[in-house]
Amino acid sequence: MPRVAEHRPAAEPQSPGQKARYARILDVASRLGAERGLDHVQMHDVAKEAGVAIATLYRYFPSKTHLFTAIMSDQVDHMDDESPEIHAAADPVDAVAETLLRSTRHMLRTPLLASAMMQSNYAAHTATVSEAAAIEVKVLRTLLRLLGLEHPTDRDTRLIRLLMKSWHGVLVSAIYGHTTPTDAEIEIRLACEVLLGARSNAPGH
């Protein structure tokens, strides 16, 4: 598991130039993570290939944990982007399933990067890095929106959090080859059907 090197807050890019450097860092780290895996990505290599000073890299990302958690956060920001599958979903549960499946397929295309993100996110939760908690909130809000739950009950929220944990477990199993992609998709759909069928705005409730 990666360690969080320092307990200082990460800086946020403000100017257009800073935002461009920040995005460049994420792009380079994503590529290196996909090629090498977490343990073999060096911060100096990321800084060099992104064309930034090492001090700039550490200002935005105090550790590799922060860096790969930020990559995961960036991917989560786009998890519900418009797609033909989501648009064609027959009902809200199908829309949630297609959203989770699209994210799963995307991560499985680069398993070393996916593993780096998952390891870093777990380490960030353990060290209470704020970005990790923000990722969970982003996913929760996305699923609530897809389900049309503007005023979720406590039970609704717990059901969705249980679905998120189920998805996480299936995803980890697939990343490490313990579950086939086909079985992963079947299990994710089943988890959506079983857990979301009990939500407050489901037919019959």
Side-chain angles (χ1 to χ4, degrees), residues 12 23 26 30 66 68-111 113-126 128-176 178-205:
E12 291 289 335
L26 292 184
S30 295
H66 291 81
F68 282 93
T69 300
I71 294 170
M72 188 170 191
S73 179
D74 184 64
Q75 292 198 7
V76 166
D77 285 340
H78 299 284
M79 73 179 297
D80 65 334
D81 287 352
E82 185 64 25
S83 76
E85 294 81 8
I86 296 173
H87 181 73
D91 59 43
V93 174
D94 285 340
V96 168
E98 290 300 336
T99 298
L100 297 182
L101 289 172
R102 185 176 63 172
S103 295
T104 300
R105 293 168 190 143
H106 178 74
M107 294 185 76
L108 291 180
R109 282 196 288 269
T110 54
L113 175 59
S115 176
M117 290 190 293
M118 300 297 274
Q119 289 181 63
S120 296
N121 190 50
Y122 179 78
H125 269 293
T126 302
T128 63
V129 173
S130 60
E131 192 68 60
I135 289 171
E136 185 173 332
V137 171
K138 287 178 184 179
V139 175
L140 177 64
R141 287 176 176 170
T142 295
L143 301 189
L144 285 170
R145 184 184 61 75
L146 289 169
L147 290 167
L149 286 166
E150 295 182 11
H151 304 289
T153 64
D154 179 68
R155 176 182 172 82
D156 290 333
T157 301
R158 290 183 182 277
L159 285 168
I160 295 173
R161 289 190 184 279
L162 184 55
L163 173 61
M164 290 163 58
K165 291 174 183 176
S166 298
W167 175 48
H168 179 276
V170 172
L171 182 56
V172 169
S173 183
I175 287 169
Y176 291 105
H178 303 307
T179 299
T180 67
T182 298
D183 283 342
E185 296 206 7
I186 291 171
E187 290 167 8
I188 290 168
R189 287 189 186 279
L190 180 60
C192 289
E193 292 170 9
V194 171
L195 293 170
L196 300 183
R199 71 192 188 281
S200 61
N201 68 347
H205 281 256

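If you read the sequence from its start, that first residue is 1, and numbering goes on from there.
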Note to self: Rounded to the nearest 0.5 Å, what separates atom NE2 in His66 from atom OG in Ser73?
What the structure shows: 12.5 Å
Notebook entry, point to check: If you look at every heavy atom in Ile175 and Met118, which pair is closest and at what distance?
Noted result: CD1-CG, 3.9 Å
Check: Where the side chain of Ser30 meets the backbone of Leu26, is there a donor-acceptor pair that is under 3.5 Å apart?
Finding: yes
Next item on the list: Could you tell me whether the side chain of Thr99 and the main chain of Ala95 form a donor-acceptor pair under 3.5 Å?
Entry: yes
Check: Does Thr142 use its side chain to pair, donor to acceptor, with the backbone of Lys138 at less than 3.5 Å?
Finding: yes
Next item on the list: Verify whether one side chain among Asp156 and Thr153 offers a donor that lies under 3.5 Å from an acceptor in the other.
Entry: yes
Item checked: Exercise: identify the closest heavy-atom pair between Ala202 and Gly197 -> CB-O, 3.4 Å
Checklist line | Leu143 versus Met164, closest heavy-atom pair with distance | finding: CD1-CG, 4.0 Å
Next item on the list: Hey, could you give me the CD/CZ distance between Glu98 and Arg105, rounded to the nearest 0.5 Å?
Entry: 6.0 Å
Check: Are the side chains of Val96 and Leu163 in touch, meaning some heavy atoms are under 4.5 Å apart?
Finding: yes
Check: What pair of heavy atoms forms the shortest contact from Ile188 to Leu100, and how long is it?
Finding: CG2-CB, 4.0 Å
Item checked: Pairwise distance CG(Leu149) to CG(Asn201) - rounded to 0.5 angstrom -> 4.0 Å
Notebook entry, point to check: Would you find more than 12 non-hydrogen atoms of other residues, nucleotides or ligands less than 6.0 Å from His78 atom NE2?
Noted result: yes
Next item on the list: Hey, could you give me the CG/CD distance between Leu101 and Glu185, rounded to the nearest 0.5 Å?
Entry: 5.0 Å
Next item on the list: Enter the distance from Ile160:CD1 to Leu196:CG here, rounded to the nearest 0.5 Å.
Entry: 6.5 Å
Margin query: How close do Met79 and Trp167 get, counting heavy atoms only, and between which atoms?
Written below: CE-CH2, 4.2 Å
Check: Considering only heavy atoms from C-beta outward, does the side chain of Asp74 approach that of Ile71 to under 4.5 Å?
Finding: no
Check: Rounded to the nearest 0.5 Å, what separation is found between the CD atom of Gln75 and the CE atom of Met107?
Finding: 6.0 Å
Next item on the list: Compare all side-chain heavy atoms of Glu187 with those of Ser173 and state whether any distance is below 4.5 angstrom.
Entry: no
Notebook entry, point to check: What are the two closest heavy atoms between Cys192 and Val93, and how far apart are they?
Noted result: O-CG1, 3.8 Å
